[in-house]
There are 2 protein chains.
Amino acid sequence: MGSEVTLKHIAEALGISAMTVSRALNNRDNVDEKTRQRVLEKAQSMGYTPNHVAKSLVSSKTYTIGVVIPEITHAFFPEVVRGIEEVTNSSSYQLFLTNANEKFEQEKKAIKALRSKRVDGILISSSLTVEDYSFYKQLIQSDTEIVFFDRCVENIGASCVSVNDKISARQITEHLITEHGFTKLAYLSGPQHVSVGRERYQGFLDAMNKHDIPLVDKWIIEGGFQEKAGYKAMKQILDLPRDEFPEAIINVNDPSAIGAIQAINEEGLSIPDDFAIVGFTDDIRANLLKVPLTTVHQPAYEVGKRAARKLLDSIENEDEPTENIELLTTLKIRASCGCNS
Amino acid sequence: MGSEVTLKHIAEALGISAMTVSRALNNRDNVDEKTRQRVLEKAQSMGYTPNHVAKSLVSSKTYTIGVVIPEITHAFFPEVVRGIEEVTNSSSYQLFLTNANEKFEQEKKAIKALRSKRVDGILISSSLTVEDYSFYKQLIQSDTEIVFFDRCVENIGASCVSVNDKISARQITEHLITEHGFTKLAYLSGPQHVSVGRERYQGFLDAMNKHDIPLVDKWIIEGGFQEKAGYKAMKQILDLPRDEFPEAIINVNDPSAIGAIQAINEEGLSIPDDFAIVGFTDDIRANLLKVPLTTVHQPAYEVGKRAARKLLDSIENEDEPTENIELLTTLKIRASCGCNS
DNA sequence: TTGTAGGCGTTATCAA
DNA sequence: TTGATAACGCCTACAA
């Protein structure tokens, strides 16, 4: 009820002007030290909270940045957020997270809300169902600074921080081919209109081409980034006659792999004896699984840090250049692909 | 660069007043249909985005609610957030998440920022190092509506949604005592000034008392809610002479249990042969562990939903009552306590 | 050192 | 149906 205390209230209580109160509270030097003390005490005792809404209206700066993540329960993203926070915590910017739940509609809604709130910049990892790049283009032309991370939209004028998805996917595929001699490879892919879906699939194709291994349509299934997608795709493979089974399953990410593993277990089959399987992410669960998962470790924390830094730099420096920053991954060889270690 | 388009710009371009533009854009009925069409088209073509900052200044309503979570990488919280989102997505409220990283200082900073932004309400789960309830009291007296979830601060005038921590902790302890006949029980606790830390410890004590089992000081270690805390606490136990080892380890939550398991494995000991171990949360990892973890399943999603609903109700209804809502848990008996299943 | 006037973008209110 | 005016809380610029 009791409407909030304003500068004016403090001023009246003290018999001085609102302007002086403002100056005192903002630590300007042109205010008498005694006056400042009186103001500070009064503000404290009256429970004053500065109204940033009003402040922002004047300054057209909110010292707020928005983050749009596609799926908060995919452990990779919370880790990225931690990295972002490391940067923003030592700056004067406040962070607002929004979750798109892999839906582009929700993502658009979140971005619009952030823009309406006049955040100074937005970090975006685009959602599963993203389809309308013109939306991003319009966004980039506005006053709001944008930096993409992980799932990038390239060459539309915004910087991007990601990992070398294509090469990493090629490497993990080649590991299966050269170290294990597998030639029957299935690929449970992500959607091709999302950069990481596309890049990782390309890496898989590169490896197959290089080793002259033919692609088998029924083993290449476009699913999604979530567990249920991996589960569903694997079910499709398990429905094949047994002599048409692949030897190894390559997944677009770890959640997909975990879903696939569940499907395999339900069928009473085992890893790595019946299927070798690999993921991509190095999810917190990867190393804890009954059969630890071979995967590509992504430096999530670092991705967050770099993206946040780039965004703050772009906000504070008019002519910060646009760039694509690619961080490096590490292959994590574990038991799920049939290795000893 | 090009500063944002405002109502006034549209008005000038159309040769009408800003007020009419405002009315048209807000779908008021007292505006000519032709005028409305002209305005809508112009707004679209000029790329108008409403300035909620200004709007909020007038209405003192922001249609925004803040969420303060203590630890975003603890999988329980992202799941709660999903529940919160289910509610807010079908309302006109926008969600802003902040993460306190288990630090009260960071939590206070986040809350202050949210208040300065004049969010209409805040959902809070308090942080590890919380110590100053007067901060919350002051908050509750302000215009901002507050609802606590999971980690509550009770009897200070705000509603709270939590699970029946005490009874659940008692039940899982009794399971170890009555089903397995253990009497040498260790408890790796959370901090006692956080409600769930306190309640769960009480539940453990209740079970011990009821069965007349004496407490052993060296087996009761106050750690924290994160993996490293469980790891460290378990190390302490493993430093004891072997004949002073407890039979079972009860943890304040799953991350703590996972940390403890790591310490046990590093020592070359095994579960459940050398130690039975149980957690509390039913983290996404619990069932995936090499030896699946016996734990208490918390309805995280539901906690989020209920808390969000309560908050929105409190915001929109002046005299919504204050209440403590307690949701029920389920015991998940798995192999880590030495059970067959 | 302090105060006054004006404006940030929007809406409520009253008048036309 | 439309417009003019004032107000939300704060800050910049200028004046005292």
Side-chain angles (χ1 to χ4, degrees), chain A residues 2-40 42-43 46-64 113 115-120 142-144, chain B residues 2-40 42-43 46-64 113 115-120 142-144:
Chain A
S3 58
E4 303 284 347
V5 180
T6 71
L7 289 186
K8 209 171 155 193
H9 295 142
I10 301 178
E12 277 166 5
L14 252 34
I16 59 178
S17 79
M19 204 47 237
T20 304
V21 177
S22 167
R23 282 193 271 250
L25 257 21
N26 288 290
N27 282 315
R28 302 307 181 83
D29 46 14
N30 53 352
V31 48
D32 189 85
E33 194 49 41
K34 279 176 216 150
T35 314
R36 183 197 310 286
Q37 284 312 323
R38 287 205 305 148
V39 170
L40 291 181
K42 204 69 183 174
M46 294 179 77
Y48 173 74
T49 308
N51 186 330
H52 278 31
V53 172
K55 202 177 272 198
S56 299
L57 186 57
V58 173
S59 67
S60 74
K61 253 287 229 174
T62 58
Y63 287 97
T64 301
R115 283 201 62 196
S116 290
K117 296 242 184 302
R118 295 298 190 266
V119 296
D120 299 322
S142 80
D143 265 352
T144 322
Chain B
S3 57
E4 304 282 348
V5 180
T6 70
L7 287 185
K8 210 170 153 193
H9 296 143
I10 301 177
E12 278 165 7
L14 251 35
I16 59 177
S17 79
M19 202 50 236
T20 303
V21 178
S22 167
R23 283 193 269 250
L25 258 21
N26 287 289
N27 284 313
R28 302 306 182 82
D29 46 13
N30 53 350
V31 48
D32 189 86
E33 195 50 42
K34 280 176 214 147
T35 315
R36 184 200 308 285
Q37 283 311 322
R38 288 204 305 147
V39 169
L40 290 180
K42 203 67 181 177
M46 293 177 79
Y48 173 75
T49 308
N51 187 332
H52 279 31
V53 173
K55 204 177 271 199
S56 298
L57 186 58
V58 174
S59 65
S60 74
K61 254 289 232 174
T62 57
Y63 287 97
T64 301
R115 285 201 61 196
S116 290
K117 297 239 184 301
R118 296 295 188 266
V119 296
D120 298 324
S142 79
D143 265 353
T144 322

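A note on names: the letters A, B, ... follow the listed sequences, proteins ahead of strands, and every chain is numbered from 1.
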Lys117(A) versus Thr64(A), side-chain donor and acceptor atoms under 3.5 Å: no
With a 3.5 Å cut-off and just heavy-atom distances, do the side chain of Arg118(A) and the base of dG9(C) make a donor-acceptor pair? no
Measure the distance from CD on Gln37(A) to P on dT1(C) and round it to the nearest whole Å. 15 Å
Which residue pairs pass the salt bridge (Lys or Arg N to Asp or Glu O under 4.0 Å) test with at least one member in residues 53-62 of chain B, sequence neighbours excluded? Lys61(B)-Asp120(B)
Thr6(B) side-chain proximity, nearest of dA13(D), dT2(D), dT10(C): dT10(C)
Tell me the interatomic distance from Leu25(B), atom CG, to dG9(C), atom P, rounded to whole angstroms. 15 Å
Out of dA12(C), dT1(D), dG3(C), which nucleotide sits closest to the side chain of Arg28(B)? dA12(C)
From CG of Leu7(B) across to P of dC8(D) the rounded distance in Å is 19 Å
Only counting residues at least two apart or in another chain, list the ones meeting side chain to side chain donor-acceptor pair (under 3.5 Å) with Ser56(B). none
Rounded distance [0.5 Å steps], NZ in Lys42(A) versus CD in Glu12(A): 12.0 Å
Rounded to the nearest 0.5 angstrom, the OG1-CG distance for Thr35(A) and Leu40(A) is 10.5 Å
For DNA chain C, which residues of residues 47-61 of chain A approach it to below 4.0 angstrom with any heavy atom? Leu57(A), Val58(A)
According to a strict under-4.0 Å criterion, is Ser17(A) in side-chain N/O contact with OP1 or OP2 of dG3(C)? yes
Decide side chain to side chain contact (heavy atoms under 4.5 Å, CB included) for Glu4(A) and Asn51(A); before the verdict, give the C-alpha distance in whole Å, the side-chain angles of both, and the deciding distance to 0.1 Å. CA-CA 9 Å; Glu4(A) 303 284 347; Asn51(A) 186 330; over 6 Å; no
NE2 on His9(A) to OH on Tyr48(A), rounded to 0.5 Å: 11.0 Å
Counting side-chain heavy atoms from CB outward, which of dG3(C), dT2(D), dT11(C) is closest to Asp32(B)? dT2(D)
OP1 or OP2 of dG3(C) sitting under 4.0 Å from any side-chain N/O of Thr20(A)? yes
Rounded to whole angstroms, how far apart are NE2 on His9(B) and C1' on dC8(C)? 12 Å
Separation of dA4(D) C1' from Lys8(B) NZ (nearest whole Å): 13 Å
What is the distance from CD of Glu4(B) to C1' of dG9(C), rounded to the nearest Å? 12 Å
Starting at CE of Met19(B) and ending at P of dG9(C), how long is that distance when rounded to a whole Å? 16 Å
Pairwise 5' ranking along DNA chain D for Val21(B) and Asn26(A), keeping only the more 5' one: Val21(B)
What nucleotide among dC11(D), dG3(C), dT2(D) has an atom nearest to a side-chain atom of Asn30(B)? dT2(D)
Side-chain atoms of Arg23(A) come closest, of dT10(C), dA13(D), dG3(D), to dA13(D)
